[in-house]
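What follows is one structure encoded as structure tokens, with my remarks underneath.
These numbers were taken from a predicted model, which means no experiment stands behind them. By convention in this document, chain letters (A, B, ...) are assigned in the order of the sequence lines, proteins followed by strands, and residues within each chain are numbered from 1.
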2 protein chains.
Amino acid sequence: MDRASVFNQYLRTKGLKNTRQRMIILETFLASASHYSTEELYQVLRTDHPRIGYATVHRTLKLFAECGIATELNFGDGQARFEPLYTDHHHDHLVCTRCGKIIEFIEPRIEQLQREVAQRYDFTVDSHRHELYGRCINCSQ
Amino acid sequence: MDRASVFNQYLRTKGLKNTRQRMIILETFLASASHYSTEELYQVLRTDHPRIGYATVHRTLKLFAECGIATELNFGDGQARFEPLYTDHHHDHLVCTRCGKIIEFIEPRIEQLQREVAQRYDFTVDSHRHELYGRCINCSQ
DNA sequence: TAGCTTTTGAAACTCAATTTCATTAGCGTG
DNA sequence: CACGCTAATGAAATTGAGTTTCAAAAGCTA
């Protein structure tokens, strides 16, 4: 089932409504280069849909996270960011502190070690954050 | 060189002043169980030093981070937290989302894999964040 | 289509972080 | 030690992302 269907089904089961704004935001969000903050997505939407309000964008992104088609990220710049979630391959992030570029990486051995660590402390992990900050190849001199 | 000396030397080289407030905040911060938010440290200080203002606590914690004796953490609860930095053993965190308990863990094999990942993308790492969120042993049913 | 419920969007509000600014306090020099 | 300069302090104001409010508009179900 694709992410649009997941979202629509989530709306239906929760008794929420399938509105024009939500569909436009969903479409734009899924089509976009990911890692948008609310403000950034709002600015992108303004071009073609100037009547859609910031609060609606914000609430809709929260809904995406709730229903599992997006994850909320925070890279320490004081703005929450969202990315479409691909359930079939978990990844973490390299964040360039100069140009803002975000690189996704997959490293199953790290995931495995995380499970080991959690077990060591009798800890039940629900989620994790793992980001490396520094310079991407273009920004290192 | 201990952390108090590092801070004092930092003040001197930057032409900043060694004030009563800064010394009190430093002492309380180093003596404390770590991972204080600004607000929490401010509340602790209020007991014995009610004249020290919130802004001063905030500015002083930022100074600690600047001079390298503390690191700024963010566990997604909307408040920055600070912990005294021990340069001799880097660690990451397990964060209990129910009781707020914070467990520090060390796993050199994860550090090593991080270096591998960075190399894979020609990325120069300056810092990283790695936190596992879930339930500690007391909070899992 | 009616009637009920949710959504929208503008504006207001929240809350931590940060800045402002007049007063106070370090600190180097004479 | 006092002078004078500079930085620090603390109360209050400001910022900015996030969230809530509320009257009007729109979706949904019968």
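Atom NE2 of B:His49 and atom P of D:dA8 are 20 Å apart (whole Å). At whole-Å resolution of the value, CG in B:Leu61 and P in D:dG10 are 14 Å apart. Taking atom CZ of residue A:Phe82 and atom P of nucleotide D:dA17, one finds them 14 Å apart after rounding to whole Å. Summarising the geometry, the separation between CG on A:Asn18 and P on D:dT29 is reported as 11 Å, rounded to the nearest angstrom. Rounded to a whole Å, the CG atom of B:Leu16 is 19 Å from the P atom of C:dA25. The nearest whole Å value for the distance from the CG atom in A:Asp77 to the P atom in C:dT18 is 13 Å. Taking atom CD1 of residue A:Ile24 and atom P of nucleotide C:dG9, one finds them 9 Å apart after rounding to whole Å. Rounded to whole Å, atom C1' of C:dA17 lies 14 Å from atom CD of A:Gln79.
Closest to the A:Ile52 side chain, of the nucleotides D:dG27, C:dG26, C:dG9, is C:dG9. Considering only the side chain of A:Arg22, C:dT8 comes nearest among C:dA17, C:dT8, D:dA8. For B:Thr56, the side-chain atoms get nearest to D:dG10 when compared with the rest of D:dT19, D:dG10, C:dT18. Here D:dC28 is the nucleotide among D:dG10, C:dA17, D:dC28 with the atom lying nearest to any side-chain atom of A:Lys17.
Relative ring orientation between A:Tyr54 and A:His58 is described as parallel, the plane-to-plane angle staying below 30° on a 0-90° scale split at 30° and 60°.
In this structure, A:Glu116 pairs ionically with B:Arg109, as a charged nitrogen and a carboxylate oxygen lie closer than 4.0 Å. Contact check on A:Glu66 versus A:Lys14 returns no salt bridge, with no Lys/Arg side-chain nitrogen under 4.0 Å from an Asp/Glu carboxylate oxygen. Using a 4.0 Å cut-off between charged nitrogen and carboxylate oxygen, B:Glu131 and B:Arg129 count as a salt-bridge pair.
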Polar atom pairs between nucleotides 20-24 of chain D and protein, under 3.5 Å, N or O only, would you list them?
from, atom 1, to, atom 2, distance (Å)
D:dT21, O4, A:Arg59, NH1, 3.2

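Not one side-chain nitrogen or oxygen of A:Lys62 sits closer than 4.0 Å to the OP1 or OP2 atom of D:dG18. Contact check, A:Thr19 against C:dT8: a side-chain N or O comes under 4.0 Å of OP1 or OP2. At least one side-chain nitrogen or oxygen of B:Gln21 sits closer than 4.0 Å to the OP1 or OP2 atom of D:dG10.
Using a 4.0 Å heavy-atom cutoff across all strands shown, A:Lys14 reaches no nucleic acid atom at all.
Nearest heavy atoms, A:Phe123 versus B:Val95: CZ-O, 3.4 Å. When all heavy atoms of A:Asp77 and A:Asn74 are compared, the closest pair comes out as N-OD1, 4.4 Å.
Of the two residues contacting DNA chain C, namely B:Tyr54 and B:Arg12, the nearest-nucleotide position lying further toward the 5' end is that of B:Tyr54.
When side chains are defined from C-beta on, B:Leu16 counts as touching B:Leu63, because their heavy atoms get closer than 4.5 Å.
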